[in-house]
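Working notes for the structure below.
Reminder, nothing fancy here: chain letters follow the sequence lines and each chain counts from 1.
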Amino acid sequence: MACAISEPWARWGCWRGWSRRSSSFLRPAARSAGGANRRAGDAPCRVLLASLAPLGLRCRLLRLRNALRQRQKEREMSLVDHVREAVASALGEMARAGELGDAGAGALDGATWLVERPKRAEHGDLATNVALAIAKRAGKPPRAIAEGLVRALAGGTVVASAEVAGPGFVNLRLRPRVFQAQIADVLRAGSAWGRAPAATGERVNIEFVSANPTGPVTVASGRNAILGDSVARLLEVAGHRVTREYYVNDRGNQVRAFAQSVRAASEGREPPEDGYRGAYVAELAAWLKALDPTLLAGGDPETLDRACVTWMLRGVPGSRTLPGIRPSLADLGVYFDVWFSEDSLYRWGAVPAVMRRLEDGGHLVEKDGALFFKAPDGALEDKDRVVRKSSGEWAYFASDIAYFADKIGRGYDRLINVLGADHHGYVARVRNALTALGLHEERFEALLYQLVFITKGGEALKSSKRAGNIITVDEVMDEIDEAAGRKGAGRDALRFFFLSRSANSNVEFDIELAKKKSLDNPVFYVQYGHARLCSILRNAEALGLRAGGDLEPLVHPDELAIAQKLGDFPAVVAEAARLREPHRVVFYVQELARDFQSYYTRLGDTDPILPRKSVTARPGWEASWNVPKTGARLAWIEAIRVTYAEALGMVGVTAPQRMDRPPEEADEA
RNA sequence: GCGCCCGUAGCUCAGUUGGAUAGAGCAGCGGCCUUCUAAGCCGCGGGUCGCAGGUUCGAGUCCUGCCGGGCGUGCCA
């Protein structure tokens, strides 16, 4: 289905053919969480295998590839995996020795048991509930099994000591070497740390924002944008190939009402009954008038509709009243691969085509002069839905069905829609329609988030595009930028704010509080931590001290605990991607920041990482300074920094290299 | 009425396929800067996890009912 697109905004990459190039052109280099091919892994082998090499060689290559994969797998095994393996093999020994009763090794079959981090540090580095889990099957009390396990684990290479606790938990302390190896893992992975190999997962299309192009980006749609974009980043991190898509409703009543409001504004009239009255409407009217007076003065209404949509998306150059949907989203760090025009579905005849298919399947019924989609029997939503109004116009639902059919036809394994809770009734409708068309209904996944309540000084604020009292993401970001004295601070703060809670919880956004307390945003705490790490590394370099060497001097309990926490990162990220819950990454990085800052400040003067000026002032200080220990600690710091930066990148927040002293607190008593 | 989501500290929220004494930020109180960045750190106070049953070795987490809040249930999108 080739298309000739007449909307000017379409040139920005409406269709898949151009979208990649145009989007990479538009994306600043900062797209660190993007889908670059990293960790090529066994790619060279694959290439050779595909060639016409002789059979013997191919067999050898196959073995080599498998060996490489095995090694890769081992490398990707987390600390928990290693310990789990050690526990399992200890249990195997016990079974052979008859310590697990008649069930023997079978006691483990089908049992769900965990090796996990206990909440309290006194309970060890890791703990397992396996004795509790298999006690019934083994026919022995949990504590007896636990005691046997403690004996069997003694003297291993991973576990340093083990003890029975409570009803039968086994608490484990690990050898420092294990944590030191964790640091090496992070540094080896570098910018691939926490990521699955690229393009190994599904082809995913994620549609989000898709707000009507009749107003600027509001704080409410900001939540959609930030959530959708962060989930998209996480999916890429998890190895999926992701297309980000915005469905532009550039047709229908709302666009018409909007265009008529613009025309009214240009003539100094009140907007029509269902029209729009924000300041941006007048701004757009003035801009269009200057651009081409015939547009407004009795020109073709469709051309005017189109022009309005175009400039809403693009924005009036230099205007803060009408910055444009696309630039506003870019300021939020949100970019799309595809901007899909609803109107184009009509121009290509996709809507009647898909309706014919529904009709052939007997899924349409005519009532009161309108055409309805018949809900299938027993479906979750059992009401019939209008697809063609009695006026003869297609309803939005008709083009939506065509749109979904189109997306499925493009061969995605999964279609995700990020929707506000006020649209959740829509989900069943789409599912029913896809089922009726015999399309892959199960590939459709709705990601719902609860609504944002805008308040001002504690009072509910009814914001509506039509009334024109909307709160835009731009004004919020501008305010915070100004308060923090740094461009981009508002973006980071807004993203962090929305990502600091699960999509399932309602958010109250107090516009006054957001501006006044913007510097309390935890994002700055995390960023400050990153800047501190960078600063240490900078200072080290100036002194000629380098990260690396043997990690054995790394024995401080806090340092090892943080190293262990770094090891949690890939699992946190994988879980966040699987559940589409970016807030997990945000909470993780906040914890990491807390751990590091606490350690760092408490360290104080007692055992500084870098030599003080009083030390470096003496010539030849290097001879008395513990350089190997510093090297190990710097490696540890670099590993933390990498984890910070990766985590922040995955939720679209910048990781600044330096943050200068905070702006003076203006308030005086 | 029916469907989906939520109810955890004064406020805003986390809480991994059910695990040990339920956590964090903000707010409050008390301490720590001749600085490897105080946008920081340490400490204190603060809880019938909406209520009532049930499931089990064990429930904030799973099931049922009730109470309270949000959203949906348009020939609006």
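A gap of 13 Å separates the C1' atoms of B/rA20 and B/rC57, to the nearest Å. Distance check on atom P: B/rU64 versus B/rG28 gives 43 Å, rounded to whole Å. Distance noted for atom P between B/rA39 and B/rG47: 33 Å (whole Å). With P as the reference atom, B/rG31 and B/rC71 are 47 Å apart, rounded to whole Å. Using atom C1' as the reference point in both B/rC42 and B/rC6, the two lie 36 Å apart (nearest Å). Comparing B/rG18 with B/rU61, their C1' atoms are spaced 6 Å from each other, to the whole Å. A gap of 24 Å separates the P atoms of B/rG68 and B/rG54, to the nearest Å. Taking the P atom of each, B/rG58 and B/rU21 are spaced 14 Å apart, rounded to whole Å.
Judged by a 6.0 Å distance limit and a 45° cone about the ring axis, A/R84 is positioned over the six-membered ring of A/W113. A/R251 forms a cation-pi arrangement with A/Y346, by the criterion of a distance under 6.0 Å to the ring centre and an angle within 45° of the ring axis.
Across all strands shown, A/S502 has heavy atoms under 4.0 Å from sugar-phosphate atoms exclusively, and none from any base. Nucleic acid contact class of A/A370 (heavy atoms, under 4.0 Å, all strands): base. Residue A/D368 is classed as a base contact, given a heavy-atom separation below 4.0 Å to a base.
The nearest whole Å value for the distance from the CZ atom in A/R486 to the C1' atom in B/rA39 is 10 Å. Between the P atom of B/rG25 and the CG atom of A/N521 lies a distance of 14 Å, rounded to the nearest Å. In this structure, A/N432 atom CG and B/rG3 atom P are separated by 17 Å, rounded to whole Å. Atom P of nucleotide B/rG19 and atom CD1 of A/I134 are separated by 19 Å, given to the nearest angstrom. Atom P of nucleotide B/rU16 and atom CD of A/E116 are separated by 11 Å, given to the nearest angstrom. Atom C1' of nucleotide B/rU35 and atom CD1 of A/I536 are separated by 13 Å, given to the nearest angstrom. Going from atom CG of A/N129 over to atom C1' of B/rU56 covers 15 Å, rounded to whole Å. When rounded to the nearest whole Å, the span between CD of A/E508 and C1' of B/rC11 equals 10 Å.
Side-chain N/O atoms of A/D422 and base N/O atoms of B/rA77 include no donor-acceptor pair closer than 3.5 Å. A donor and an acceptor atom never sit less than 3.5 Å apart when one is taken from the side chain of A/S598 and the other from the base of B/rC41. Residue A/H423 places no side-chain atom within donor-acceptor reach of the base of B/rG72, judged by atom type and a 3.5 Å distance cut-off alone.
Listed candidates were B/rA27, B/rA20, B/rC5. Nearest to the side chain of A/D520 is B/rA27. Among B/rC75, B/rC36, B/rA39, the nucleotide with an atom closest to any side-chain atom of A/L519 is B/rA39. Comparing atom distances between the A/H424 side chain and each of B/rA77, B/rC36, B/rC4 picks out B/rC4 as nearest. In this structure, of B/rG15, B/rC41, B/rA39, it is B/rA39 that holds the atom nearest to the side chain of A/M659. Looking at the side chain of A/L132, the nearest of the listed nucleotides B/rG19, B/rC36, B/rA39 is B/rG19. Listed nucleotides B/rC41, B/rA77, B/rU12 differ in distance to A/N253; the shortest reach to its side chain belongs to B/rA77.
OP1 or OP2 of B/rC41 sits under 4.0 Å from a side-chain N or O of A/Y525.
Tested against A/V526 for a side chain to side chain contact (heavy atoms under 4.5 Å, CB included), the candidates A/Q597, A/E591, A/Q590, A/R594 yield a single pass: A/Q590.
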What do the steps show when you test A/E575 against A/R584 for salt bridge (charged side-chain N to carboxylate O under 4.0 Å, His left out), and what is the final call?
-> CA-CA 8 Å; A/E575 192 73 352; A/R584 289 168 186 273; 5.0 Å; no
Going through the distances and angles, do A/R612 and A/T616 end up as a side chain to side chain donor-acceptor pair (under 3.5 Å)?
-> CA-CA 6 Å; A/R612 302 299 175 129; A/T616 55; over 6 Å; no
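The base-pairing partner of B/rC62, taking Watson-Crick or G-U wobble contacts with both distances under 3.5 Å, is B/rG54. In this structure B/rC41 sits in a base pair with B/rG31, meeting the Watson-Crick or G-U test at under 3.5 Å. Within the shown strands, B/rG1 is the pairing partner of B/rU73 under the Watson-Crick or G-U definition, both distances less than 3.5 Å. Of the nucleotides present, none pairs with B/rU16 by Watson-Crick or G-U wobble criteria with both distances under 3.5 Å. Pair assignment for B/rC49: none, as no Watson-Crick or G-U wobble contacts are both less than 3.5 Å.
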